[in-house]
J.: 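Below are the structure tokens for one structure; questions will follow.
Whatever order the structure lists ligands and atoms in, that order sets their numbers, starting from 1.
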Amino acid sequence: MPSLISSPRSPLNGTVKVPGDKSISHRSIMLSALAVGKSEVTGLLEGEDVLATAEAMRAMGARVERIGEGHWVVHGVGIGGLQTPDNVIDMGNSGTSTRLIMGLIASHDITVTMTGDASLRGRPMGRVIDPLTTMGATFSARDGKFLPLTVTGSQNPLPIDYTTPMASAQVKSAVLLAGLNTPGVTTVREKVATRDHTERMLKSMGAEIETAEEDGLYVVRLTGQPELKPVNFEVPGDISSSAFLLVAASIIPGSDITVENVGMNPLRTGIVHALKAMGADIEILNERTLGGEPVADLRVRAAKLKAVSELPVDPSTMIDEFPVLFCAAAVAEGTSRFKGLEELRVKESDRLAVMAAGLKANGVELTEFEDGIEIRGAGGKVKGGGIVATHLDHRIAMSFSVLGQMAESAITIDDAAPIQTSFPVFIDLLTGLGAGLKLAR
Ligand code: S3P
């Protein structure tokens with residue numbers, strides 16, 4: 001378990017690209033595996049989570065091959081063509097792989113047993129088990145809702161009309177993916193629209209899928225059993241990975257960086273708006289479209305950040321970026337208050353509790369609530385000197401790597417290994433820009 005020591009070195013300067021978007025990378029492999037014929041993916045994130053998806057789709061019969069850096073070829077089996085794997089599939093740390101693949105299995109006549117690491121085995125699966133059971137799948141899960149679990153797909157799946165009880169693109173996508181091999185129209189309704197990569201990608205592959213706003217809800221209707229045509233997916237850079245750079249360059253005085261090719265799907269850009277509301281200097285340059293998604297280059301210069309309490313965006317548009325936003329709040333001037341964040345308690349770790357513990361260990365004053373946190377900003381460097389327990393959560397490790405750059409004494413992150421799940425080049429990339437990060441055993 002390598003620990004990571006983060007301390008100030010120099011302002012960040014330079015131009016970089018971050019690896020491919022994790023959500024889009026997962027979906028590009030899964031959907032290509034269901035197309036008829038050969039698809040290509042470029043810019044694929046080669047982090048452990050996406051590799052778990054690739055391995056699972058292979059185990060169910062698709063040919064998934066790496067032909068170059070971020071360049072993959074997938075020979076799909078067609079909708080209905082997935083096979084029962086000959087072993088348990090291990091989803092590692094990846095909730096997205098697990099929940100979306102549960103959806104795929106639910107309408108195939110196959111049986112699959114899934115497990116994962118200690119973090120994933122603690123995450124709630126009831127949110128997908130419930131709607132997929134209504135569609136006809138059967139589950140046997142530890143305590144009814146945790147991995148390891150075995151899912152047997154239905155031979156005669158039923159389309160459902162489902163309103164998601166929480167803002168979750170994983171739940172929406174699991175139901176839609178089950179709908180792919182279900183005759184009739186599967187409908188998902190969301191109170192707040194979450195990331196819509198599944199919808200965009202299915203449309204590009206020729207599926208009959210419609211989105212609308214009805215009675216204040218975002219509604220998706222998918223007609224089942226289309227023939228998905230293979231396409232070439234170009235994966236944009238991950239805005240969730242970029243977020244660590246946006247915050248780092250904003251808080252380290254004298255910084256000036258450009259992050260190129262960042263995915264700017266409007267349901268993902270909350271972090272840019274939140275940081276701007278705190279006074280960040282972020283310029284959005286060269287806006288264009290890549291593979292059906294908006295992308296841009298982001299130039300970030302250091303700025304004096306001030307506290308924020310009313311976020312100008314819905315939390316779902318930046319749900320994975322709160323840990324690093326809390327670090328921005330810790331160095332900002334004034335008290336920030338974030339509420340309505342109960343979903344953070346069921347991520348790779350309980351991100352409210354784990355962030356609160358890590359921030360406190362480094363001298364940050366705060367109050368934790370059931371659904372949020374209040375952070376009293378230092379208006380400059382935090383004390384630091386503490387050890388952060390990451391609890392197998394990549395975003396905790398990366399958030400405190402950023403905060404250490406604005407700490408009077410170095411911050412120690414107990415385990416750097418989880419960074420491999422989503423941003424394998426994080427340490428090299430940040431160090432290359434000027435950050436002070438050192439691995440230790
Ligand atoms: C994701 C959806 C989000 C997000 C996760 C990726 C996706 O999860 O936190 O990292 O790719 O659909 P929820 O659906 O649980 O909010």
J.: With Lys339 as the cation and Phe369 as the aromatic partner, state whether NZ or CZ is under 6.0 Å from the six-membered ring centre and within 45° of the axis.
T.: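 Judged by the rule (NZ or CZ under 6.0 Å from the ring centre, within 45° of its axis), Lys339 counts as positioned above Phe369.
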
J.: Does Phe338 have any ring pair (Phe, Tyr, Trp, His ring centres under 6.0 Å) partners at least two apart in sequence or in another chain, and if so, which?
T.: Phe326

J.: Any donor and acceptor pair, going by atom type alone, linking the side chain of Lys172 with main-chain N or O of Arg195 inside 3.5 Å?
T.: yes

J.: Identify all pairs of nitrogen or oxygen atoms, one from ligand 1 and one from the protein, separated by less than 3.5 Å, and list them with distances.
T.:
from, atom 1, to, atom 2, distance (Å)
ligand 1, 8 (O), Gln170, NE2, 3.4
ligand 1, 8 (O), Lys347, NZ, 3.2
ligand 1, 9 (O), Asp320, OD1, 2.7
ligand 1, 9 (O), Asp320, OD2, 3.3
ligand 1, 9 (O), Lys347, NZ, 2.7
ligand 1, 10 (O), Asp320, OD2, 2.7
ligand 1, 11 (O), Ser23, OG, 2.7
ligand 1, 11 (O), Arg27, NH1, 2.8
ligand 1, 12 (O), Arg27, NH2, 2.7
ligand 1, 14 (O), Ser168, OG, 2.6
ligand 1, 14 (O), Ala169, N, 3.0
ligand 1, 14 (O), Gln170, N, 2.9
ligand 1, 15 (O), Lys347, NZ, 3.3
ligand 1, 16 (O), Lys347, NZ, 3.0

J.: With no hydrogens and no angle check, do the side chains of Asn261 and Asp297 hold a donor and an acceptor under 3.5 Å apart?
T.: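 No, Asp297 and Asn261 have no side-chain donor paired with an acceptor closer than 3.5 Å.
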
J.: Return the set of residues passing ring pair (Phe, Tyr, Trp, His ring centres under 6.0 Å) with Phe423 (not counting sequence neighbours), or none when no residue passes.
T.: Phe426

J.: Residues in ring pair (Phe, Tyr, Trp, His ring centres under 6.0 Å) with Phe322, at least two apart?
T.: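 With sequence neighbours excluded, Phe322 shows a ring pair (Phe, Tyr, Trp, His ring centres under 6.0 Å) to no residue whatsoever.
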
